[in-house]
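Taking it in order: structure first as structure tokens, then the write-up.
The analysis underlying the following values was restricted to heavy atoms, covering all of them including side chains, and did not include hydrogens, waters or symmetry mates. Worth saying up front: this structure is predicted, and the values here are computed from it rather than measured. Heads up: numbering here begins at 1 and tracks the sequence. In listed order, ligands and their atoms are each counted from 1.
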Amino acid sequence: MITIRNLRKTYQMGKVEVRALDGISLSVKQGEYVAITGASGSGKSTLMHILGLLDVPDDGTFEIDGTDVTKFSENELAAFRNRVMGFVFQQFNLLKRTSALENAALPLIYARNGRRQDVAREKLELVGLGNRMSHHTNELSGGQQQRVAIARALVNHPSIIFADEPTGNLDSKSAKEIMQVMSELHAQGLTIILVTHDSDVANHAQRIIEIRDGKILSDTPNPDAPKVPENVPSKNSSKVRKTSVFQSLREGEVLLRQSLRSLLSNKVRTALSALGIMIGVAAVIAVVALATGAKKSIEDQLSQLGTNLLMLMPERRMSGGVRQASGSVSRLEEEDTKAIREQVPHVSYASSTVSGNAQLKAGNKNWNCRVEGVDPEYEIMRSNQPQLGRFFTEAEMRNRSRVCVLGLTPVKELFGGANPVGQQVKINRQTFTVIGVLPEKGSSGFRDYDDTAIIPSTTAMRRLFGKTYVDRIEIQVDESDNLEQAQKDILALMAHRHRTGTRENPFDIRDMTEIQETVSSTGDVLSILLSGIASIALVVGGIGIMNIMLVSVTERTREIGLRKALGARGQDIMMQFLIEALIISFFGGFLGVLLGVAASLITEKTSGLEVLITQNSIILAFVFSAVIGIVFGIWPARKAARLNPIEALRYE
Ligand code: ADP
Ligand code: MG
């Protein structure tokens, strides 16, 4: 069954070479019970590890049933260990905080053949632990623990059992029981290869091989071997069945449960590493919600101010570094407004605007606010249809009538919010009649758009502010595509009307749409910047997870070695650690979403700022935490997956 020839293994210890195996040749037939003995350090364990496919020789040939196993890939070796071999170690190597049943069932996870707990139960009964299935390993005696390990070795119906000093850590009574179990297994047709330095133990075997310094000293049949019944050739029931979707689901479930258990066994550590992700996700969600909300409220206000608007004003010239007063060079006149309205194509409306601050007085109440003198067209241009009363007419404008339309803030301050239409109000000591109330425009934080009073531009110029010129002209163009052309035409018209000749045009025209776009793109930049800062928290959280996973890999090196010895492939180990990292980051991400949403809502309630939690930011946060889990989990997971089983098992 097993044939090895000229096997060599040399360990390099700094400058010293240790020849653990020095040209070993032997063959073992199916159903044999072989003991390998020798003094400590003679190379017994090394030989057993190579025979058990846990380690590879430097040189020599190794065939199992005629197959050259030295050419096997890692995964093939793992599958072979899992299905054909069972291992019993001196240190039992059971998983802590895990029941006997789950320990015995461990190789089944990596067998992928659908057989489950019932086989593990059956094998535990076989070794006499039928009444200890749910006991945790720390609740079992040494002998019982070793019997769990034997049940584990048997669970995949192997054809060979390897046992390395199985009684080394046991009292003589337990040792006897274990050797009894071994003999029974042999009687059932299993091939057993037992490593021991104890000749009493070796005497249980039919054949004793003694090695010294990596060489075979003697290989003799044992006449004292206890009589066993005729060998029944073991039926090899370890064929790999096809995995169905159902089985993959069950495997997934087992993996998930395993990861959850290991995370739960370190609750504080898990919670702390999830905390980093939680804070990061919460910060991203809250910041994006705030930035989106702020941007939306600014955009809403800007769009209320009217669309396709241009503003024409005298250019403020710099002269010798001193900014001259507005309009000191050229001044706009009412006639300019008229000309623009009538002569420039695509212009829908135009309004002269004169503004200044004034004191309003009604009864015994005073209020200072901005007074705008405009043309009647301003009502449509700026969507200023009064919510109460009416706007002023062409006739009132021609007559320089003392009429005004008040914004909500002066109405509140002067009339306590009561309907002021028809009432008198004094503006800079001149009596005006209130004819309407403006619609609500809101405030943008730095400016209250409702704190205004609107009067005819003629009245403002000639009666209120004593000006003969207008401050600026607001123009509405029919379509946004025509904005550029209209700007050129207006500037040309102004140059012509003011006879600037070859001098630089003294007027400046601004596109309000551009201002809107600037504001909203500033909002975008701001929100990207802020979420960038917030995602630093996420990255820090991810590094926290990586750190914890690396610690966990180191701490569980022996466990990883055991799992690999029992047939876990590199990708199984990798999966286990990745799933753990993912669970931490999803858990953190989920709490982070809750915290982020709560923080946003609380901010909205307490500060009155508008917040907007978008579905996208939540999806983004989740995707981000998954990515973090994978990215920062991969390194530790790969580190774990690459461990050599025997070195990992020996790790202290
Ligand atoms: P035994 O099991 O017979 O006591 P081993 O097979 O464990 O002996 O070891 C054989 C020799 O190889 C010993 O001299 C031991 O020190 C050496 N050896 C075993 N494993 C290693 C290792 N990983 N690195 C270096 N030397 C080792
Ligand atoms: Mg040893």
Side-chain angles (χ1 to χ4, degrees), residues 2 4-26 28 33-60 62 70 74 77 81 85-94 142 145-146 149-150 153 160-170 175 178-179 182 192-205 207-220 554 557-562 564-566 639-640 642-652:
I2 294 180
I4 55 171
R5 227 172 295 284
N6 257 327
L7 223 53
R8 273 171 223 284
K9 178 88 182 173
T10 310
Y11 293 109
Q12 197 75 42
M13 297 283 288
K15 289 207 173 66
V16 189
E17 278 194 350
V18 181
R19 291 207 165 174
L21 295 182
D22 193 6
I24 298 240
S25 304
L26 60 84
V28 178
Y33 188 170
V34 183
I36 300 172
T37 62
S40 180
S42 54
K44 308 181 296 289
S45 296
T46 309
L47 178 60
M48 196 209 86
H49 293 153
I50 290 175
L51 290 175
L53 300 178
L54 291 166
D55 210 348
V56 285
D58 298 334
D59 200 17
F62 183 3
T70 52
E74 290 245 339
L77 289 176
R81 286 198 295 269
M85 300 167 173
F87 295 95
V88 180
F89 303 95
Q90 181 174 353
Q91 287 95 349
F92 322 140
N93 285 331
L94 299 178
Q145 290 190 46
Q146 193 62 301
I150 294 176
I160 316 175
I161 298 282
F162 290 97
D164 190 350
E165 309 275 11
T167 57
N169 281 11
L170 298 178
I178 294 296
M179 291 322 293
M182 287 296 191
I192 295 179
I193 297 180
L194 174 83
V195 164
T196 180
H197 65 278
D198 183 340
S199 53
D200 285 348
V201 173
N203 261 331
H204 286 81
R207 172 181 168 195
I208 299 177
I209 300 173
E210 194 177 355
I211 60 176
R212 181 184 296 166
D213 297 335
K215 289 195 178 71
I216 293 185
L217 204 65
S218 66
D219 184 347
T220 50
T554 314
T557 303
R558 284 176 67 98
E559 177 193 326
I560 295 164
L562 172 74
K564 291 193 105 176
L566 297 182
K639 196 181 159 203
R642 283 190 181 159
L643 287 172
N644 170 309
I646 216 59
E647 272 166 32
L649 265 177
R650 217 185 269 135
Y651 184 85
E652 292 298 321

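In this structure, ligand 1 sits under 4.0 Å from heavy atoms belonging to Y11, M13, V18, A20, A39, S40, G41, S42, G43, K44, S45, T46, R650.
Within the 4.5 Å cutoff, the side chain of F87 has heavy atoms near those of the L54 side chain. At a threshold of 4.5 Å between non-hydrogen side-chain atoms, the residues T37 and V201 do not count as touching. Looking at I193 and I2, their side chains come closer than 4.5 Å, going by heavy atoms from C-beta outward. In this structure the side chain of F92 reaches within 4.5 angstrom of the side chain of L170, judged on heavy atoms.
Taking 4.0 Å as the cut-off between side-chain N and carboxylate O, K215 and D22 count as a salt-bridged pair. With salt bridges taken as basic N to acidic carboxylate O contacts below 4.0 Å, none links D213 and R19.
Residue Q90 is tested with N169, D164, T196 for a side-chain hydrogen bond (donor to acceptor under 3.5 Å, both in side chains); the sole match is N169.
Across all their heavy atoms, K9 and P57 have their closest contact at CD-CA, 4.3 Å.
The Mg ion (ligand 2) has S45 OG as protein N, O or S atoms under 2.8 Å away.
To the nearest 0.5 angstrom, I208 atom CD1 is 6.0 Å from T220 atom OG1.
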